[in-house]
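Following: one structure in structure tokens, then a few remarks.
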Amino acid sequence: QEHSKLLEIKVQERTAELQAINARLTENDRLKSEFLSNVSHELRSPATAIAGYAETLLDGALEDPAFNRTFVTRIEEQATRLNTLIFDLLELARVEAEEHGFEIGPVDVSAIVQASSVEHINVAKSKDLNLKIESPSEPVWGMADASGLRTIVDNLVDNAINYTPVGGTVTVRWWRESERVFLEIRDTGVGIAKEYQTRIFERFFRVDRARSREVGGTGLGLSIVKHLCQVFDGEVKVSSRLGHGSTFTVQLQAAKSTVN
């Protein structure tokens, strides 16, 4: 009888394990279907717009100087949007499949962040924003892939600039604390409502779809940031109040400088 009870317990445990596995597989299938549906929609939108503008031009607008340049400009905008979306999709697929060929090792965080910031200064100025760079007094090295870390910084600074109104400030700072490296991008932008803060790293999730489209967002940037941080054995967190800006903080493992 005791043997029978032990057998029954093991069967119950195994059944629970199989049910949990089945639930995960079902959820994975749902997420895959949802992702494919989103991809189809996101690709179809610019493609349909391009086809519509091209058809209008061929129907006679090409010869109309009042409209031809406008329609060609719209085609260029939608083509750029389509190209950006495809690039982000490929980047996300490589990161998630861990087939990117990352060379993870000690990288000069200061050099990467400063290089990214320099490239964003003119963009910030064109939008009448103050891009503040708060450099640490000592060199900061972390464990990452240089190209991947640059992607993280670029995406977070891009987001901060895009969602901060005229006259606002975007602050970039980084430092080492014990065995961790911290990178912080803080803005005085529109902020993110609390109920959305756990979802902003999901693929294609947008708090404000109209605003995202307006600034050329694909809805994949933060998802790429999250997955890259995980590949580097790090993490990314957000702290935000609606109407009071957002702070994104990346944590990485600290590393020793490779410069003698």
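In terms of modelled atom types and a separation under 3.5 Å, the side chain of T164 and the main chain of I161 share no donor-acceptor contact. With T73 contributing its side chain and R69 its backbone, the two residues share a donor-acceptor pair below 3.5 Å. Here the side chain of H244 pairs a donor or acceptor atom with the backbone of L242 at under 3.5 angstrom. Although no hydrogens or angles enter the test, the distance criterion places no donor-acceptor pair under 3.5 Å between the side chain of N68 and the main chain of A61. A donor-acceptor pair under 3.5 Å is absent between the side-chain atoms of D187 and the main chain of G245, judged by distance alone.
Annotation for E235: atom CD counts as buried by contact number, over 12 foreign heavy atoms lying within 6.0 Å. Residue Q230 qualifies as enclosed at atom CD: its count of foreign heavy atoms under 6.0 Å is above 12. The environment of R180 atom CZ is dense: over 12 non-hydrogen atoms of other residues, nucleotides or ligands sit within 6.0 angstrom.
Nearest heavy-atom pair, P165 versus G189, reported as atom, atom and distance to 0.1 Å: CD-CA, 3.7 Å. Residues L149 and A144 come closest through the heavy atom pair CB-CB, 4.3 Å. Nearest heavy-atom pair across L129 and G167 is CD2-N, 4.1 Å. Pairing each heavy atom of P136 with each of V140, the nearest pair is CG-CG2, 3.7 Å.
Side-chain atoms of L57 and I75, non-hydrogen and from C-beta on, do get closer than 4.5 Å to each other. Put simply, the side chain of F248 does not reach to within 4.5 Å of the side chain of V157, judged on heavy atoms. Between T48 and Q78 there is no side-chain heavy-atom pair separated by less than 4.5 Å. Using a 4.5 Å heavy-atom threshold, the side chains of Y163 and I192 count as separate.
Rounding to the nearest 0.5 angstrom, the gap separating the OG1 atom in T169 from the CG atom in L131 is 9.5 Å. Considering CD1 of I112 and OG of S117, their distance stands at 11.5 Å, rounded to 0.5 Å.
Each of L252, V172, T249 was scored for a side-chain contact (heavy atoms from CB on, under 4.5 Å) with L183, with one residue passing: V172. With W174 as the partner, the side-chain contact (heavy atoms from CB on, under 4.5 Å) test is satisfied by one option alone out of V113, V181, I185: V113. Screening Q197, E202, E195 against R199 for a side-chain hydrogen bond (donor to acceptor under 3.5 Å, both in side chains) leaves a single residue, E202.
Using cut-offs of 30° and 60° on the angle between ring planes, the pair Y53 and F71 is tilted.
Residues V109 and W175 are members of separate hydrophobic clusters, defined by side-chain heavy-atom contacts under 4.5 angstrom among Ile, Leu, Val, Met, Phe, Trp and Tyr.
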Step by step, would you call L222 with L156 a side chain to side chain contact (heavy atoms under 4.5 Å, CB included)? CA-CA 8 Å; L222 289 178; L156 291 177; 3.8 Å; yes

Note to self: Evaluate E17 against R14 for salt bridge (charged side-chain N to carboxylate O under 4.0 Å, His left out), listing each step before the verdict.
What the structure shows: CA-CA 5 Å; E17 289 175 5; R14 186 57 179 160; 2.9 Å; yes

